[in-house]
Amino acid sequence: MRILVTGGAGYIGSITARELLDSGHKVVVVDNLERGNKWAVDKRAVFLMGDLLNKKIVKKIFLKKFDGVIHFAGYISMKESVEKPGTYFENNVVSTINLLEGMIESGSDNFVFSSSAGVYGNAKKIPIPENSELFPINPYGETKLIIENILKWHKIKSVALRYFNAAGALPDISLGEAHYPETHIIPLAIDCALKGKKFTLFGTDYPTPDGTCVRDYIHVSDLANAHILTLEALKQNKKLLPAYNIGTGRGYSNKQILNMVEKISGRKIKIENQRKRMGDATLLVANTIQIKKHLGFKPKYSNLKNIIETAYNWYLKKSN
């Protein structure tokens, strides 16, 4: 298949593009490089630099039709979205509308959307099934829900994949997480452990066993595989749900993450406790029954030790 990967110079996008190429697909990557890295784009892919907010660029991208589109491009920080909601609505929503219109005009089909567990907010049932109430508690999650709702009105075949927490690096540590600025707990904790800096822990009075919020962590290689399985199922016209959770069904608290980073790095982390951040959910753990049933999805790399070991090794490589 000929696949368009938007945001393909980013963390998850670059790794998914690599996996698609290794599977024999032709890949076109589009990225404005605002937060992506050109070095992360596989040389076998065709790279187009451009912003999806620019309709002329979108029209140029779709001069030829694609067999499928995987849409990663967008801002991803919950904290930043609370501080700059307008920026998030413009970048995440408007650019996706432009992309969908380009698909329709070119006759392209099969759309896999990078959504988020943020659409659930503080879910009442844990693990969270896909039919839970959708009630985002920050603008980032709201942008994802808006796009999911937009997809209901388009004739394009589509599936939204609701990520829980993507983490880790490729087993050969050739690609991994490289956000600037970094906002995710595992790379921040590794950085603090190795440099002796203070780690800011937001919230120690959540209604959880150790008082810190709990998240479900999925290894980035497993996440990439979920996109490929979904795209192939769409191409085969299989009957699918409009959205699937991508996680493991097991949650780890922030303190458990910090403890594992200390164990793997052999360094003690200096912790500075701060009050909760606005928009942080207490528990986000996936019910993964549906994606296992419909797509045969089975995470291979997503045990916590492996996630943090690959992230740690990637950090060391990146720092040298």
Side-chain angles (χ1 to χ4, degrees), residues 1-8 11-27 42 66-72 108-117 119-120 123 125-132 134 144 148 151-152 156-172 175 215-252 284-307 310:
M1 291 190 286
R2 183 171 181 265
I3 311 300
L4 175 67
V5 178
T6 72
Y11 172 41
I12 305 170
S14 63
I15 289 173
T16 303
R18 168 84 62 86
E19 297 289 348
L20 284 164
L21 289 161
D22 288 346
S23 298
H25 300 292
K26 296 179 180 178
V27 174
D42 195 291
F66 292 90
D67 299 300
V69 175
I70 305 180
H71 183 36
F72 295 104
S108 300
D109 211 347
N110 306 309
F111 184 73
V112 181
F113 172 55
S114 170
S115 191
S116 167
V119 299
Y120 296 117
K125 185 176 181 180
I126 304 292
I128 306 169
E130 285 88 349
N131 61 1
S132 294
L134 304 178
K144 297 297 187 180
E148 286 195 25
L151 291 174
K152 296 176 185 177
I156 292 170
K157 290 187 295 177
S158 66
V159 168
L161 298 181
R162 295 172 180 163
Y163 306 174
F164 280 65
N165 282 49
L170 286 179
D172 64 0
L175 285 174
R215 298 291 183 265
D216 185 335
Y217 292 86
I218 181 81
H219 192 279
V220 65
S221 293
D222 290 326
L223 187 57
N225 181 51
H227 287 80
I228 297 172
L229 288 173
T230 304
L231 188 61
E232 290 174 345
L234 281 171
K235 184 67 175 175
Q236 295 164 14
N237 293 312
K238 291 185 178 179
K239 187 176 180 180
L240 301 173
L241 296 178
Y244 290 95
N245 291 332
I246 310 294
T248 65
R250 178 173 180 179
Y252 295 94
L284 286 174
V285 179
N287 180 318
T288 60
I289 291 173
Q290 296 300 331
I291 193 165
K292 290 177 180 177
K293 178 181 177 182
H294 293 176
L295 295 172
F297 176 66
K298 294 180 180 179
K300 296 180 180 179
Y301 305 100
S302 293
N303 69 79
L304 186 62
K305 185 174 182 289
N306 183 61
I307 285 173
T310 57

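Heads up: numbering here begins at 1 and tracks the sequence.
Smallest separation of non-hydrogen atoms from Asp222 and Lys298: OD1-O, 4.5 Å. For the pair Gly251 and Val285, the tightest heavy-atom approach, listed with the atom from each and the gap, is CA-CG2, 3.7 Å. Of all heavy-atom pairs spanning Ser302 and Ile307, the tightest one is O-CD1, 3.7 Å. Nearest heavy-atom pair, Pro129 versus Asn245, reported as atom, atom and distance to 0.1 Å: C-ND2, 4.0 Å. Of all the heavy atoms in Leu231 and Val69, the pair that sits closest is CD1-N, 4.4 Å. What you find for Pro127 and Gly249 is that their closest heavy atoms are CG-O, 4.5 Å.
When side chains are defined from C-beta on, Ile246 counts as touching Phe297, because their heavy atoms get closer than 4.5 Å. Contact of the Val220 side chain with the Tyr11 side chain is registered, since non-hydrogen atoms from C-beta on lie closer than 4.5 Å.
For His25 (side chain) and Met1 (main-chain N/O), a donor-acceptor pair under 3.5 Å exists by modelled atom type. Between the side chain of Asp67 and the backbone N or O of Arg2, at least one donor-acceptor pair lies under 3.5 Å.
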Would you list the atom pairs, donor with acceptor, under 3.5 Å between side chains in residues 160-170 and any protein atom, with sequence neighbours excluded?
from, atom 1, to, atom 2, distance (Å)
Arg162, NE, Glu148, OE1, 3.4
Arg162, NE, Glu148, OE2, 3.1
Arg162, NH1, Tyr120, OH, 2.9
Arg162, NH1, Glu130, O, 3.1
Arg162, NH2, Glu148, OE1, 2.7
Tyr163, OH, Ser114, OG, 3.1
Tyr163, OH, His227, NE2, 2.6

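Distance CG/Leu20 to CD/Glu232: 8.5 Å, rounded to 0.5 Å. Separating the NE2 atom in His71 from the OG1 atom in Thr6 is a distance of 4.5 Å, to the nearest 0.5 Å. Taken from CD1 in Ile70 to CZ in Phe113, the straight-line distance is 13.0 Å, to the nearest 0.5 Å. Note that CG of Leu4 and CZ of Phe66 are 4.5 Å apart. Values are rounded to the nearest 0.5 Å. The CG atom of Asp172 lies 6.5 Å from the CZ atom of Arg18; values are rounded to the nearest 0.5 Å. Rounding to the nearest 0.5 Å places CD1 of Ile15 at 9.5 Å from CZ of Phe72.
Applying the ring-ring contact (aromatic ring centres under 6.0 Å, His included) rule to Tyr301 yields the partners His219; only residues at least two apart in sequence or on another chain are considered. Remark: Lys238 engages Ala233, Gln236, Leu240 in a side chain to side chain contact (heavy atoms under 4.5 Å, CB included) (not counting sequence neighbours).
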- Message: Please evaluate residues Arg250 and Tyr252 with respect to the criterion side chain to side chain donor-acceptor pair (under 3.5 Å), reporting the C-alpha separation (whole Å), side-chain torsions for both, the decisive distance (0.1 Å), and the verdict.
- Response: CA-CA 7 Å; Arg250 178 173 180 179; Tyr252 295 94; 3.2 Å; yes
- Message: Using the rule given for side-chain contact (heavy atoms from CB on, under 4.5 Å), can you reason through Leu151 versus Ile156, listing the C-alpha separation, both sets of side-chain angles and the distance that settles it, and then say yes or no?
- Response: CA-CA 8 Å; Leu151 291 174; Ile156 292 170; over 6 Å; no
